[in-house]
Amino acid sequence: MSTPTTSRAIGTAVLLGLTLAPFLLGPYAVATLSRTLVFALLALSVNLLTGLTGLPTLGQSAYFGVGAYTAAIVAKDLTDIGPLQLLIAAGVSALVAVLTGWLAVRARGVVFLMLTLAIGEIAHSAAVNWKPVTGGTDGVSGIPPVVPLPGMPALELDGLVYFYVLAVFLLLLAAVTRLGATPFALALRGIRDNEPRMKAIGHPTRRYALTVYCGAAALAGAAGSMWVSAQRFVSPGDAGFEIAALALLAVVIGGSGSIRGACAAAALIWLTRDYLGNLEAVAGRGPLLLGLLLVVAVYTLPRGLAGVRLPHQPSRKRAA
Amino acid sequence: MAGWLDGNLVGFVDGIAFGLLLFTIAVGLSLVFGMMDVLNLAHGTLYLGGAYTAYALSDGTLPGLLLALTAGALVGALGGAALTWLTQPLARRGHLDQAVLTLGITFIVADLLAAAFGGEVLPTDPPAALRGTVDLLGHTYPVYRLVFIAVAACLAVLVHLLFERSSLGALVRATVADRDMVRAQGVDIRKVLYGVFALGAALAAVGGVLGAPTLGPGPGVDESVLVLSLVVVVVGGLGSVRGALVGALLIGQVQTLGVALLPQYAPFLLFGTMLAVLVVRPHGLVASAVRT
């Protein structure tokens, strides 16, 4: 919707703000910002399925949780090198997705939503009940601080961890953006818009759907491992329904499969829940504010955040 | 088999009670989605509204329970009408926008209820007259559950007759099949929509009043009730009264007998059942007559 110049200016400003944030904000705000970036990664994963391919998922918390617990265990027992944790977490999540996804991609629409919800609930139950591995409701704590690259010191301070999270976020964002320009992404759009026609011209649509399902799970697993790097703690709540619902809502509010829209909506949702909800005047009313945000957003932004037109910007029709 | 059933009789009857509770809750969700094409993720909130009504009005007497049932039905019907009014402008924008709106409403109402009633699960006792136990083929069994089974079974029969046998039900099914044709006959479609939604919501709230002693009012109950109803609806098949009943009875047994027989796998049984059913019958056990 926006012209290349304005969107580039906004992108530069956001990137500058994100880079300078730790020098300007307090430790709680920086930690919140780290969690926001991780949540935006999860929203990008949902966006691959829901925005790009048209498969609405309420179960991405499952792969987020698998990635988080895997990274936690790897960090405690194997290595404190962050990128290795991330790769193993993404790999394990993708592997779990091969097993669960072949079932999920048989369905479309609301039934797909229910199936993924079921997968999410199973993951949550497993996190609560598989005590020897997950620590039950106590979660996994005592995770050592992350080492960003071999030979570098461990990152103890919130501000330094934030830069590691930001770097990984930007890398994965670039990868997802790049993927959006490939012929495979076009095929996925085809599934979203008219699957019977895609099938008729010879595309194995179910295999495409399974591929993107596993890719999205790997991304969610990577986000889970970043969650562990940022928090150094993981509990069943991190793999619960609320996280999955919020990630789907971020994509819907973001609008029509837009990557920037999903990121912006993820930030809006997370900051409302985590930051505004902790301000003194409205202490503890995070859910109320979040609910109001969702209700207002759905009425006032029929095309999502991506469809918002900035002032003084000629509409596409007039420009053409 | 007879010996096995005797040993698990209490669990089996409990499963029927829980299944009928699930039916009372889930049938509204099924009809509103399957027939009226509105995805209402605030359905668990309607149950919660009924359960809090029961808590607020229950004074341990039978008239108190009747009062709570009436008030609960009213609260539910009003909630359903409000949800119809709120979701109507989004009708053409699809299920995802409806999901955002109704989940937003869930967050708001849950926060307000927690502010009003606190963050604990509130114990709600059945009326004193129904608190005893009876002898059930050599086992002691709570009276309240048997009364509950009777009441919920009556509700199930009434809902079935209303939708499958009455002219009103025929009108609703006709509206699903061909909206424009029904409108051309001079029927106000919106009235049908409001009616079905309000009835389904009232049933969920009545389920909340009756179910409060089993699944008491408290934070998080709305979410677990929503998930259970979604599972029932998907297993049974969207949009049919019979499907909701079959799905609810099956899930009721899985939840109670499953927990009793295989406690270590209890959380997986529910969703394992759902996955198994969907592999064999992707549209649920009872496919809807009109919409598939």
message: Heavy-atom pairs under 4.5 Å with chain B - which of L292(A), V128(A), L117(A) has more of them than the others?
response: L292(A)
field: Test side chain to side chain contact (heavy atoms under 4.5 Å, CB included) applied to L294(A) and L101(B), step by step
entry: CA-CA 6 Å; L294(A) 296 176; L101(B) 177 70; over 6 Å; no
- prompt: Any chance OH of Y208(A) has more than 12 other-residue heavy atoms, nucleotides or ligands included, within less than 6.0 Å?
  reply: yes
- request: Return the option, out of V110(A), L113(A), L58(A), with the maximum number of heavy-atom pairs under 4.5 Å with chain B.
  value: V110(A)
Region of L246(A) that comes under 4.5 Å of a non-hydrogen atom in chain B: side chain
- request: Step through the shown structure and confirm whether more than 12 heavy atoms of other residues, nucleotides or ligands are within 6.0 Å of CD on E120(B).
  value: no
message: Can you tell me which portion of L103(A) sits under 4.5 Å from chain B's heavy atoms? Options are side chain, backbone, both or neither.
response: side chain
- request: Apply salt bridge (charged side-chain N to carboxylate O under 4.0 Å, His left out) to R190(B) and list each qualifying residue two or more places apart in sequence or on a separate chain.
  value: none
query: So what's closer than 4.5 Å to chain B heavy atoms on L248(A): side chain, backbone, both or neither?
result: side chain
field: Euclidean distance, T106(B) OG1 relative to L290(A) CG, rounded to 0.5 Å
entry: 11.0 Å
task: Check P56(A) against L96(B) and note the closest heavy-atom contact, atom names and distance.
output: CB-CD2, 3.9 Å
field: Contact class of V100(B) relative to chain A, heavy atoms under 4.5 angstrom
entry: both
statement: To the nearest 0.5 Å, atom CZ of F107(B) lies from atom CG of L249(A) at 6.5 Å
message: Report which part of A110(B) has an atom under 4.5 Å of a heavy atom belonging to chain A: side chain, backbone, both, or neither.
response: neither
message: For chain A, which candidate among Q98(B), H95(B), R93(B), M274(B) shows the most heavy-atom pairs at distances under 4.5 Å?
response: R93(B)
message: Under a 3.5 Å distance rule, please check whether Y299(A) uses its side chain to pair with a backbone N or O of L86(B) as donor and acceptor.
response: yes
